[in-house]
Amino acid sequence: MKRRKIVQYGSLFAAASLISVGMNSWVVKAIAGSNNKKLIVIFLRGAIDGLNVVVPYRESAYYEARPTIAIPTPDDEGGAIDLDGRFGLNPALIDIMPFWQQNNLAFIHASGSTDPTRSHFEAQDYLETGTPGVKSTTSGWMNRLLTISPQNNPTRAVNVGNNMPLILKGNMAVANLNSANAKRQLPIDRSAINEAFDRLYSGQDAVSLAYQEGRKAREIVMKEINKEMMEADRGAPTPINFVKDARRLARLMAGDAKTQLGFMALGGWDTHVNQGSTRGRLTRNLKPLGMGLAALIKELGSVYQDTAIVVMSEFGRTVAENGNRGTDHGHGNAIWLLGGNIKGGKVYGEWPGLSESALYQGRDLAVTTDFRTAIASVLSQHLQLSGSDLENVFPGYSANRLLPLIT
Amino acid sequence: MKQDRSKRGQAKQFYRPSMKTAKSATADSQLIHSIARLSFGPRPQEIETIRKRKIKEYLAIQLKPEAIAEPSLLTTELNKLKTLSMSPIALFQEYTARGRGKKISPEARKMLRKKRRGLVREAFQARLLRAIASQRQLQEVMVDFWFNHFNVFAGKGLTGMWIGNYEEKAIRSNVFGSFRELLGATARHPAMLFYLDNWLNTDPNSRGARGRFKGLNENYARELMELHTLGVNGGYTQADVVSLARILTGWGISRRDRQGDGSGFYFDPKRHDFQDKVFLGKTIQGRGKEEVEEALDILATHPATARHISYKLAQYFVSDRPPESLVNSLAENFLATKGNIAAVLNTLFTSKEFLDPQYYGNKFKTPYQYIVSIYRATNIEKPNLRQTYGMLRQLGMPLYGCRTPNGYQNTRDAWLGPDSMMRRVSLATALARKYLKTEKSHNPNLLMATLGDRFSSNTLAVINSSKPFLKTALILGSPEMMYR
């Protein structure tokens, strides 16, 4: 394992941000090499139906709009699990209820993008670039986060999945952990082969640089994964890939790879048809998500105390169900937050209600909290980013009303 | 370490014309460039063969695939795949419980599911065999392009059962024809109707509204505008999405052969909304399925569509960030020819932008293009299917496996990453080893000649100084091989 190096960093804005942060900041601690604060983002691609995750069970309008797919009230058998007397949790998420009880789990309801698009692809891009409405942004906000205290550690940020998502694209190196099959040795792991390819890809062009980062990251990741194999799986192994991937990410975060930023995406939420109530497509996907989150936290161990986990999706879905026991593309959604120092047990955000006049364009949950406010609050209070750092992560956004999300 | 990736941006120029006069050297690099873009990469001796003709001739031939004879081995192999010629209705009857029309046991149901997966395998096999061995290379390249443009996902319900037929009837038959016909063929195909849920789309107040056909479903209407035609900035509103969804009510599938052509398409007037609709500022008179044809006419000839398609073609064939001048001239041509795809392609391939050397060798291959180009260069005509599928999956591009309707991207940003490079050079090594087992007399210099001898001095130096067993691996895994 190579020691991380403090690397010279010449750009003006970074120098400025280094001066402006306090002594407790993520930046300073990262440089001092002490235990770092960590952030994991889990992106639910396809627009999860937030109203059936954090259920506004006091609203009669909710039940009127969803005759066949509403989640019953906590008083009904198999209904929502009461959270705060106003909202209930989808019972398929029972696995994360303990964190609510420990005040480690919070939701920010009626949150989302300030851009009105209902296109999956556009909306996902905006959440990932952190610049809703601006198409020209080519880097992701998680990558820009790395530029605040650049280090020569290719596994400092890790994506779990086959391809690098926009949220992690940019100037800084990010490692990729292929979902499933990650344990298998590849020809490139053999020295007789990689010596020759190393010479082939010794240049400074895009392909060579990607190759070089891949080699560095692979050495670290393989070491960590081998350790995992030897220690054998703790707890019952599960066939669900998300749970496996979540565990693997946790190993990198807790181990020598010193991963500080993690990202995973999970698909299958575009429930136009047969979304179902407490049974159906949404429930089938929520169950492994809840289990995966619980496994992730368990595997993080003591590192969980320093970790914040954000779960988000590009937009919400229509308040009313459509003709096929499903929902179409909507607007406001709920952001989930988990972490050892999250001020949880609370549903944040101004609830606009579901009365017809309160709906966005007469059909969707309105957005009362900009998603950037939710994330900026975590970055500012958890990672101790300064105001000017936040401006670099979310250009054009002014963080003036942050939420008190961290204890 | 701060790395400025914007500076990494420019791909190296890999085409090194050999020792000839400047003029013929230019012509030669143009030719190699054209082969790289109009096909899945050169096969042994192919460059020499095409050199004897002119580029113009090569292009003209490629745009008329029906006149190109196919290799008999390919035809024989394709003929073995019996399910490819089955109609959607025949497939439905043979491969679903409902189609069988009687109650069947859970075990039999499971068997049918398994058999349906076999259908996707046959479609995959046919696609791969053609991409490798077909002489109609541009047709197969366009199948790749249009399939992704009109993407459907094999894993969603019955979509996979129809995916081979969809590719053959809706896509491959229309790749060079009129865009309106291509659009109409996808709009009527059960694979698309199922995948984007329009088969369920129903006027909630109609007499046919019952059971699962209860109300509107916007899914297809939205993607039809956002992805298939106008593009996301094409100027439509949420109200237009709802209008188009209403126009599309009752536009669906039948399990009986109602059209008499086995297509499975059926318009159900009992579930249609017969009121007038305002769509893109125009009043569409409520009158049934002709409304859909009218809406498709509007969409297919819309300037926003012309631009959207032109941009995507220019991006696929010229550069990740295509020159504006080219997009404009293609869009003009698209409108002037009412969406004649062959005409637009001809404009593209003869444009000064396409032939501008700054774009040569600058398109990073998608995993599919990369793997097929290796098979072509090494003359592997019948690769191991399971292994190929596995490689595509590991590289994040399983064929027919793109869940989302936008299809796979073809830009470098989408596919280049540290992990994907590890996997590419690893699979190049594995395939080289396999290749060397079958071709004992293999000569790396011939492989380099097949690829047009377009290697940088560094690549050549590394190859020349490596052990024989690694030479082939290094050629197939070289930076030059990553680009087309």
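Each chain gets a letter, A, B and so on, in the order the sequences are listed, and its residues count up from 1.
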Contacts with chain A made by residues 196-204 of chain B (heavy-atom distance under 4.5 Å), listed by residue number:
B:Asp197, B:Leu200

Given the options B:Leu474, B:Asp413, B:Thr429, which has more heavy-atom pairs under 4.5 Å with chain A than any of the others?
B:Leu474

Would B:Arg423 and A:Leu186 satisfy side-chain contact (heavy atoms from CB on, under 4.5 Å), going step by step from the backbone distance to the final call?
CA-CA 8 Å; B:Arg423 283 172 196 279; A:Leu186 294 177; 4.1 Å; yes

Does the side chain of A:Arg199 come under 3.5 Å of the side chain of B:Ser465 through a donor N or O and an acceptor N or O?
yes

Heavy atoms only: give me the nearest B:Val462-A:Ala196 pair and the separation to one decimal.
CG1-O, 3.6 Å

The interface call for B:Leu470 against chain A, heavy-atom contacts under 4.5 Å, is side chain

How far apart are the closest heavy atoms of B:Leu416 and A:Ala210, and which atoms are they?
CD1-CB, 3.7 Å

Bottom line for A:Asp328: the part with an atom under 4.5 Å from chain B's heavy atoms is side chain

If you measure from OH on A:Tyr201 to OG on B:Ser478, what distance do you get to the nearest 0.5 Å?
6.0 Å

If you compare all heavy atoms of A:Asn322 against all heavy atoms of B:Leu216, which two are closest, and at what distance to 0.1 Å?
CB-O, 3.4 Å

Smallest heavy-atom separation, B:Met421 atom then A:Val207 atom, equals CE-CG1, 3.4 Å

Do you know which two heavy atoms are closest between B:Met422 and A:Tyr211, and how far apart they sit?
CE-O, 3.3 Å

Which value, rounded to the nearest 0.5 Å, describes the distance between A:Arg218 atom CZ and B:Ser426 atom OG?
6.5 Å

Sequence neighbours excluded, the answer for side-chain contact (heavy atoms from CB on, under 4.5 Å) partners of B:Lys471 is B:Pro444, B:Ile463

Which atoms of B:Arg433 are under 4.5 Å from chain A, going by heavy atoms: the side chain, the backbone, both sets, or neither?
side chain

What one should report as the nearest heavy-atom pair of A:Phe121 and B:Pro405 is CZ-CD, 3.8 Å

Checking heavy atoms, do the side chain of B:Ala414, its backbone, both or neither come under 4.5 Å from chain A?
backbone

If I measure from the heavy atoms of chain A, does B:Arg222 come under 4.5 Å with its side chain, its backbone, both, or neither?
side chain

Please check if the number of heavy atoms outside B:Lys270 that lie under 6.0 Å from its NZ is greater than 12.
no

Find the distance between CZ (B:Phe469) and CD1 (A:Ile193) and round it off to the nearest 0.5 Å.
5.5 Å

With B:His272, which residues qualify under side-chain hydrogen bond (donor to acceptor under 3.5 Å, both in side chains), at least two apart?
B:Thr249, B:Glu291

In residues 225-237 of chain B, which residues are in contact with chain A at a heavy-atom separation under 4.5 Å?
B:Glu226, B:Leu227, B:Val232, B:Asn233

Contact class of B:Met482 relative to chain A, heavy atoms under 4.5 angstrom:
side chain

Between B:Glu218 and A:Arg363, is there a side-chain N and carboxylate O pair less than 4.0 Å apart?
yes

Separation of B:Asn219 CG from A:His272 NE2 (nearest 0.5 Å):
3.5 Å

Hey, which of A:Arg325, A:Arg215, A:Met164 has the most heavy atom pairs under 4.5 Å with chain B?
A:Arg215

